Asks: 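So that we are looking at the same thing, I have put the structure below in structure tokens.
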2 protein chains.
Amino acid sequence: MPLELRVDRSSPVPLYFQLSQQLEAAIERGALTPGSLLGNEIELAGRLGLSRPTVRQAIQTLVDKGLLVRRRGVGTQVVHSQVKRPLELSSLYDDLEAAGQRPATQVLVNTVVPASAEVAAALNVAEGSDVHRVERLRMAHGEPMAHLCNYLPPGLFDLDTGQLEATGLYRLMRAAGITLHSARQSIGARGAAPEEAERLAEQAGAPLLTMQRTTFDDTGRAVEFGTHTYRPTRYSFEFQLLVRP
Amino acid sequence: MPLELRVDRSSPVPLYFQLSQQLEAAIERGALTPGSLLGNEIELAGRLGLSRPTVRQAIQTLVDKGLLVRRRGVGTQVVHSQVKRPLELSSLYDDLEAAGQRPATQVLVNTVVPASAEVAAALNVAEGSDVHRVERLRMAHGEPMAHLCNYLPPGLFDLDTGQLEATGLYRLMRAAGITLHSARQSIGARGAAPEEAERLAEQAGAPLLTMQRTTFDDTGRAVEFGTHTYRPTRYSFEFQLLVRP
DNA sequence: GCGGTCTGATTGTCCGGACATACACATTGA
DNA sequence: TCAATGTGTATGTCCGGACAATCAGACCGC
């Protein structure tokens, strides 16, 4: 029983996308077991009434995701288990929500300030020009988890304090029509300064996890620069790195 | 002067790859300035004597890398500066070498042990079955930088202590014909236990950066599981995350 | 002046075909 | 027995064409 696949030619969603989604779903639910061959592309195309390039395009996206492996002369097979879907550019808010933690946010600062040299360099704006500054305390279960300090270029969208407390920065950006593309991150650790310690209900000198991040949209524009500190007993970074071929 | 591009049809390297490399080089050296249009695909194909699908394939790889942006009805333009090339799955050894630090490695342990439950789960082998265990101390400028404890499934390749001291684990894997695909990482921080502190020439309770990683090859097989601790004053993680569309 | 509409340009999707290349396996030869 | 050779099969590369969807800007009517 060679797996039921169908495409809807009247749908506006591209055929290759329909196919790749169905294949991904089949893998996800175990209908395609790890190691099993997918059947050759020509036959698959014929069965679906598609052309080979279209089938190849569908397969390629899953290969990029690491769900399939192609081997010349052998065929395309489902990857040998393990590898889960690569994590997206993580949003602390989404992470917490996914973990069922019901995050709460307290906006400490939401204002416009002149850009320091560091911020100006990160956002690629003139030093001293206006940038938004947002400082937040993120909590879960009533306990502080992280201190987030972000800078954004002006005119991107309006930063409403109420919205900032209700959701995450990334969601607001996406809602404003910004397509996030990538982020450059730096993760380190250091002992908490007295001021930091108090904010996060830790002792001075306690280990803190630090993250600096610049996020870019799909035009290569820097849309956010942030310096974050996390309580390592409450949070750690989980993500998946892909090797670029 | 619309940029000099040429492909060599007698070369065994694929045409789309030749083209994408030339375009990338042109962007890298500034011959294609950020924001500039690339010229439409049909005309470009005609100028190079290639077909449009081939040109598209070349462009697509650069779009995936974040160097180009396509906009329907407008054209393809070079991304608006900033975004550098995404970092590869980082190898501490390569990182250090790239930074001109001339890393040194001291192999503390190189043996075969029965897999603990945690290791067995990570490597997807039976609990209690044989796995390699490698423990290393990595130093730069005579100072310890990180303590690396790795587990590898048996029979992958032979772990020579001498080679382990001369280069990094990833390089050995690649040399053994293993194609790395992705890695799942978890980065956190904690205070150093007395034993750890002594190993890394830190004080007990000093902040340490910790990383756990499972690396997969292109068939989805787990090829390495490691628990590392770093001195945060000497090292931090830098990488680029891509948003999966 | 202002807003909607038409038009041209460009990428997005899809097709059908052709040949090259690499791998697994069976066959053959020493 | 073992290595070299052949063979089939699958993916890899490339072509030429067709039509659709979308964007920017010019055009037109109010």
Side-chain angles (χ1 to χ4, degrees), chain A residues 2 5-23 32 35-64 66-79 177 179 218-219 245, chain B residues 2 5-23 32 35-64 67-79 177 179 217-219 245:
Chain A
L5 293 170
R6 239 172 316 136
V7 292
D8 175 10
R9 299 199 85 99
S10 69
S11 161
V13 20
L15 302 178
Y16 73 88
F17 192 77
Q18 292 184 38
L19 178 53
S20 78
Q21 281 208 319
Q22 286 185 38
L23 288 174
L32 283 172
S36 66
L37 270 304
L38 200 60
N40 78 56
E41 298 169 349
I42 312 224
E43 183 262 347
L44 193 55
R47 213 172 66 205
L48 287 161
L50 298 174
S51 70
R52 189 177 163 219
T54 303
V55 172
R56 273 182 72 76
Q57 194 172 359
I59 291 177
Q60 188 58 47
T61 66
L62 298 184
V63 171
D64 290 341
L67 293 173
L68 296 177
V69 193
R70 332 175 81 136
R71 274 194 294 160
R72 205 188 284 216
V74 180
T76 304
Q77 48 186 319
V78 181
V79 105
T179 309
D218 60 356
T219 69
Chain B
L5 293 170
R6 238 172 317 134
V7 291
D8 175 11
R9 298 199 85 100
S10 68
S11 161
V13 22
L15 302 177
Y16 73 89
F17 192 77
Q18 292 184 38
L19 178 53
S20 78
Q21 282 208 318
Q22 287 185 37
L23 288 174
L32 284 172
S36 66
L37 270 303
L38 200 61
N40 78 57
E41 298 169 349
I42 313 231
E43 183 263 345
L44 192 56
R47 212 171 69 206
L48 287 160
L50 298 173
S51 70
R52 188 176 165 221
T54 303
V55 171
R56 274 182 70 78
Q57 194 172 359
I59 291 177
Q60 187 59 47
T61 66
L62 298 183
V63 171
D64 291 340
L67 293 174
L68 296 177
V69 193
R70 335 175 79 137
R71 274 194 294 159
R72 205 187 284 214
V74 179
T76 304
Q77 48 187 318
V78 181
V79 107
T179 309
D217 72 359
D218 59 357
T219 69

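None of the values given here were measured: they were computed from a predicted structure. Every chain is numbered from 1, with letters handed out A, B, ... down the list of sequences. Worth knowing before you read on, the calculation uses all heavy atoms, side chains too, and leaves out hydrogens, waters and symmetry mates.
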Asks: Grab the CG-C1' distance between A:Leu50 and C:dG17 for me, whole Å please.
Replies: 16 Å

Asks: From CD of B:Gln18 over to P of D:dT13, roughly how many Å is that when rounded to an integer?
Replies: 12 Å

Asks: Quick one: CD1 on A:Ile59 to CZ on A:Arg52, what's the gap to the nearest 0.5 Å?
Replies: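 Rounded to the nearest 0.5 Å, the CD1-CZ separation comes to 9.0 Å.
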
Asks: Does B:Arg9 make a side-chain N or O approach to OP1 or OP2 of D:dC15 shorter than 4.0 Å?
Replies: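 B:Arg9 to D:dC15 OP1/OP2: side-chain N or O found under 4.0 Å.
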
Asks: Mapping A:Arg71 and B:Pro12 to their closest nucleotides on DNA chain C, which lands nearer the 5' end?
Replies: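 The 5'-side residue here is B:Pro12.
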
Asks: Under 4.0 Å between any heavy atoms, over every strand shown, what does B:Pro14 touch: base, sugar-phosphate, or nothing? Just pick one.
Replies: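 Contact class for B:Pro14: sugar-phosphate only.
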
Asks: Figure out the CZ/P separation between A:Phe17 and C:dC14, and round it to whole Å.
Replies: 12 Å

Asks: Quick one: which of C:dT13, D:dT13, D:dG16 gets closest to the side chain of A:Tyr16?
Replies: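 So the nucleotide nearest the side chain must be C:dT13.
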
Asks: Once rounded to the nearest 0.5 Å, what's the spacing between atom CD of A:Gln77 and atom CG of A:Leu32?
Replies: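 Nearest 0.5 Å value for the CD-CG distance: 12.0 Å.
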
Asks: What's the closest nucleotide to the side chain of B:Arg72 if the choices are D:dA10, C:dT11, D:dA24?
Replies: C:dT11

Asks: With a non-hydrogen cut-off below 4.0 angstrom, is A:Arg56 in contact with a base, only sugar-phosphate, or nothing?
Replies: base

Asks: Please report, rounded to the nearest Å, how far the P atom of C:dC15 is from the CD atom of A:Glu41.
Replies: 14 Å

Asks: Taking only side-chain N and O atoms of B:Thr76, does any of them lie within less than 4.0 angstrom of OP1 or OP2 on C:dT11?
Replies: yes

Asks: So which one's nearest nucleotide on DNA chain C is more toward 5', B:Ile59 or A:Val55?
Replies: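 Comparing both residues, the 5'-ward one is B:Ile59.
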
Asks: Rounded to whole Å, please give me the gap between CD1 in B:Ile42 and C1' in C:dT13.
Replies: 13 Å

Asks: Hey, is the side chain of A:Thr54 poking within less than 4.0 Å of OP1 or OP2 on C:dC15, counting only N and O atoms?
Replies: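 For C:dC15, OP1 or OP2 has a side-chain N or O of A:Thr54 closer than 4.0 Å.
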
Asks: Verify the distance criterion only: is there a donor paired with an acceptor across the side chains of B:Gln60 and B:Arg70 at less than 3.5 Å?
Replies: yes

Asks: B:Gly46 near the nucleic acid: base, sugar-phosphate alone, or nothing, with a heavy-atom cut-off under 4.0 Å?
Replies: nothing

Asks: Whole Å only: how far is the CD atom of B:Gln57 from the C1' atom of D:dG12?
Replies: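 Result: 9 Å.
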
Asks: Do the side chain of A:Arg52 and the base of D:dG12 come within less than 3.5 angstrom through a donor-acceptor pair of N or O atoms?
Replies: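 Flag set: donor-acceptor pair detected.
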
Asks: What's the separation between atom CG in B:Leu44 and atom CZ in B:Arg56, rounded to the nearest 0.5 Å?
Replies: 12.0 Å

Asks: D:dC15, C:dG12, D:dG12: which one has an atom nearest the side-chain heavy atoms of A:Arg70?
Replies: D:dG12

Asks: What's the CD-P distance between B:Gln77 and D:dA24, to the nearest Å?
Replies: 10 Å

Asks: List the atom of B:Arg6, the atom of B:Leu48, and the distance in Å for their closest heavy-atom pair.
Replies: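 Heavy-atom minimum between the residues: N-CD2, 4.1 Å.
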
